[in-house]
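Notes follow once the structure below has been shown.
Indexing begins at 1, ligand by ligand and atom by atom, following the structure's order.
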Amino acid sequence: MRLIVQKLGGTSVANTERLKNVADIVTKTAQAGNQVVVVVSAQGDTTDDLIVKAAELNDRPSKREMDVLLNTGEMISMSLLAMAIQKLGFPVVSLTGWQIGLETNSNYSDARIKRIAGERLKAELDNGRIVIVAGFQGINQMGDVTTLGRGGSDTTAVALAAFLHADLCRIYTDVDGVYDRDPRLHPDAVKYGRISYDDMLLLARGGARVLHDRCVELARREHVVLEVCSAFSDAPGTIVG
Ligand code: ASP
Ligand code: MG
């Protein structure tokens, strides 16, 4: 049996219709005989909206409280997606970063992953459930929730793929692969069928908004094969690695 980690970004889970679409993608993958771990981001502009709300009350809130606040965005996505999948009749459970024991340092708002305990995650997979994990979240030594920095759900997905020795980590984004230039601005941009970690890292650091650069570094170090593709088309994506 293959184990696939699927990461769905904020655009892919932005509303009810899109959540249903994602539920289809996930359940089809499970139906094909794969174990599936799904990592979700907060819906649409949720994270930005929460940052604005905080600023209305305090222009210098503590990073700890900001992380408590921002942790809520991914929890909305994970529970809604689990409900959409339940509706399709599949066994599923949603888990937060702390429930899966994703331990980080205490650098609130930009925490680094130290280790993943992961017993609960493994037990749920062994029970035959699809597991939905809230991306971007961790827990520190004090038991406080942390976040992995903006765009950090990609890193959660790659870290879980490495931890579980997944066969593939598929990152669904709003473009259907990695292009030599931003295809939203350059209609003649060319899509890569495959790209090396090093080239992807150059693109990520150069501001291509497809993948979080820390996620690419982690994938390279842990030999996690990534596929960047779109939740809105069946076009083959770009393999990174
Ligand atoms: N929701 C977080 C953010 O907007 C994490 C992510 O999307 O990966 O940065
Ligand atoms: Mg986001």
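- A salt bridge is defined here as a Lys NZ or Arg NE, NH1 or NH2 lying under 4.0 Å from an Asp or Glu carboxylate O, and Asp144 with Lys63 fails to meet this definition.
- Salt bridge annotation for Arg214-Asp110: present, with a cationic side-chain nitrogen under 4.0 angstrom from a carboxylate oxygen.
- Within the structure, ligand 1 lacks Gly135 among the residues with a heavy atom less than 4.0 angstrom away.
- Side chains of Arg129 and Val92 form no contact here, defined as non-hydrogen atoms less than 4.5 Å apart.
- For Gly10, the heavy-atom gap to ligand 1 stays at 4.0 angstrom or more.
- For the ligand labelled ligand 1, residue Glu74 lies inside the 4.0 Å heavy-atom shell.
- For ligand 1, the atoms sitting less than 4.0 Å from at least one non-hydrogen atom of Gly151 are 3 (C), 5 (C), 6 (C), 8 (O), 9 (O), numbered in the order shown with element in parentheses.
- A pairwise comparison of heavy atoms in Met66 and Ala54 identifies SD-CB, 3.6 Å as the closest pair.
- The residue from Ala157, Ser77, Ser153 that puts a heavy atom closest to atom 8 (O) of ligand 1 is Ser153.
- Using a 4.0 Å cut-off to heavy atoms of Arg150, the atoms of ligand 1 that qualify are 3 (C), 4 (O), 9 (O).
- Side-chain atoms of Ile76 and Gln43, non-hydrogen and from C-beta on, do get closer than 4.5 Å to each other.
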